[in-house]
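Shown next, in structure tokens, is the structure this report addresses.
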Protein chains: 2
Amino acid sequence: MPSAVKEATSVLKSNHFKITKQRMAMLEFLVNTATKKFVEVTSIDNFMRQTFPNMSHNTIYRNISEFAELGIVERQVQGDRASVKFQCDFEQEHHHHFICSNCGKVIELKDCPLSKEITDQLGGCKVTGHLFQIYGLCPECAQLNE
Amino acid sequence: MPSAVKEATSVLKSNHFKITKQRMAMLEFLVNTATKKFVEVTSIDNFMRQTFPNMSHNTIYRNISEFAELGIVERQVQGDRASVKFQCDFEQEHHHHFICSNCGKVIELKDCPLSKEITDQLGGCKVTGHLFQIYGLCPECAQLNE
DNA sequence: TTGTTAAATGGTAATAATTACGATAATCGG
DNA sequence: CCGATTATCGTAATTATTACCATTTAACAA
């Protein structure tokens with residue numbers, strides 16, 4: 001079992017979620033296809049239901065939501081399609097991403113651009129989060145489009 | 001007629017779009033409710049169809065898409081709801097936003113955090129865009145939640 | 001003003017994604 | 001192994017969005 005799946009199951013256990021066959025299958029699929037890469041939720045739904053013909057939409061969507069709340073996967077809307085990727089690393093320090101708008105691949109960035117000068121412009125506001133992402137084509141997709 | 005509507009109609013005209021009653025009504029609604037504030041597309045759909053009982057979904061969604069392509073409105077996915085706001089200003093310089101996650105209000109930021117140090121980490125990638133947004137509660141909503 | 005043409009709209013219905021519900025099944029701790 | 005609780009399945013509903021096409025309308029020039 002890949003270590004990423006182990007980490008994910010331990011998160012599930014410590015939050016009193018049961019380790020089911022369906023959840024294991026989804027985690028394995030996500031580790032294989034959605035590591036450092038955003039994958040559309042509908043394609044997850046399709047794949048899981050082809051591989052396990054009597055798995056219900058309900059189970060797939062519910063589990064993805066739960067995984068997201070536990071930090072096991074990261075959600076994103078790419079264009080107009082809901083996508084997820086497996087969390088880079090558990091307990092990793094805060095960082096941001098470059099995202100390939102063609103294939104969904106992500107590259108981690110070192111810097112966080114949030115600065116005091118910026119938040120100082122927001123007197124009276126309660127800042128709870130921020131998003132910083134760079135879009136473009138990854139080296140592979142950039143070559144194909146030349 | 002508010003000047004924002006005039007600006008929008010001149011954009012439409014110069015791109016050879018027709019000035020219809022439906023488009024005018026939508027622009028007026030957007031200027032009134034979605035200036036410096038993201039409003040859900042479905043609520044636009046609801047309002048327009050209540051006010052003009054035989055306006056079709058088609059017209060509303062198509063016009064919003066066209067407005068977005070012309071830069072008249074800005075699209076955004078808030079949580080999991082598609083939203084739009086009227087464009088701050090036409091031909092304004094590049095900037096980013098604080099967005100209130102409760103009411104959708106936006107506050108413009110002065111700085112753009114994209115720097116050479118950051119893009120230098122992305123050798124081989126073709127950078128086409130970026131997103132920087134700060135989330136939180138605007139002063140009004142922060143007070144209500146205290 | 002009126003006629004012409006291209007574009008926009010309305011109405012209906014299809015599609016796609018996601019969620020609801022309730023009966024059954026499976027996990028886990030003891 | 002057993003009981004309590006949570007998860008799953010299967011079906012169907014719901015919601016958002018788009019397609020299609022006949023009809024209407026805006027723009028523009030004579």
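Order of the sequence lines fixes the chain letters, A, B, ..., with proteins taken first and strands second; residue numbering starts at 1 for each chain.
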Quiz item: Going by the angle between their ring planes, with limits at 30° and 60°, are A/Phe29 and A/Phe47 parallel, tilted or perpendicular?
Solution: parallel
Quiz item: Do B/Glu7 and B/Gln87 have side-chain N/O donor and acceptor atoms under 3.5 Å apart?
Solution: no
Quiz item: How would you list all residue pairs meeting salt bridge (charged side-chain N to carboxylate O under 4.0 Å, His left out) that involve residues 55-67 of chain B, not counting sequence neighbours?
Solution: B/Arg23-B/Glu66
Practice problem: Give, for atom OG of B/Ser101 and atom CD1 of B/Ile134, the distance between the pair rounded to the nearest 0.5 Å. | Solution: 12.5 Å
Quiz item: Rounded to whole angstrom units, what separation is found between the CG atom of B/Asn15 and the C1' atom of C/dA8?
Solution: 16 Å
Quiz item: When the distance from CZ of B/Arg81 to C1' of D/dT17 is rounded to whole Å, what number comes out?
Solution: 15 Å
Quiz prompt | Atom pair distance, as rounded to whole Å: CD in B/Glu40 and P in D/dT15 | solution = 14 Å
Self-check item: salt bridge (charged side-chain N to carboxylate O under 4.0 Å, His left out) partners for A/Arg75, two or more places apart
Solution: none
Exercise. Quick one: which residue pairs count as a salt bridge (charged side-chain N to carboxylate O under 4.0 Å, His left out) with a foot in residues 115-127 of chain A, not counting sequence neighbours?
Key: A/Lys116-A/Asp120
Practice problem: Give the rounded distance in Å between these two atoms: CZ of A/Phe17 and P of C/dG29. | Solution: 15 Å
Quiz prompt | Minimal non-hydrogen separation, B/Pro113 against B/Ile118, with atom names | solution = O-CD1, 3.7 Å
Quiz item: When you match B/Asp80 and B/His16 each to their closest nucleotide on DNA chain C, which lands nearer the 5' end?
Solution: B/His16
Exercise. Indicate yes or no for a side-chain donor-acceptor contact from A/Asp45 to the backbone of A/Val41 under 3.5 Å, with no hydrogens or angles considered.
Key: no
Quiz item: Through what angle, rounded to 10 degrees, does the axis of the helix from C/dT1-D/dA30 to C/dG30-D/dC1 turn between its ends, using five pairs per end?
Solution: 40°
Self-check item: Distance-only polar pair, side chains of B/His96 and B/His130, donor-acceptor under 3.5 Å
Solution: yes
Quiz item: What is the distance, rounded to the nearest whole Å, between atom CE of B/Met24 and atom P of D/dA27?
Solution: 10 Å
Quiz item: A/His97 vs A/His95 aromatic rings, parallel, tilted or perpendicular, using cut-offs 30° and 60°?
Solution: perpendicular
Please list, pair by pair, any protein nitrogen or oxygen found under 3.5 Å from a nitrogen or oxygen in nucleotides 23-26 of chain D.
residue : atom : partner : partner atom : Å
D/dA26  : N3   : B/Lys18 : NZ           : 3.3

Exercise. Could you verify whether a donor N or O on one side chain and an acceptor N or O on the other, from A/Gln121 and B/Glu108, lie under 3.5 Å apart?
Key: no
Quiz item: What integer distance in Å separates B/Met26:CE from C/dA8:C1'?
Solution: 13 Å
Quiz prompt | Nucleic acid contacts - residues 48-65 of chain B versus DNA chain D, non-hydrogen atoms under 4.0 Å | solution = B/His57, B/Asn58, B/Tyr61
Quiz item: How long is the line joining CG of B/Leu12 and P of C/dA7, in whole Å?
Solution: 15 Å
Exercise. Return the value, rounded to whole Å, for the distance between atom CZ of B/Arg75 and atom C1' of D/dT17.
Key: 11 Å
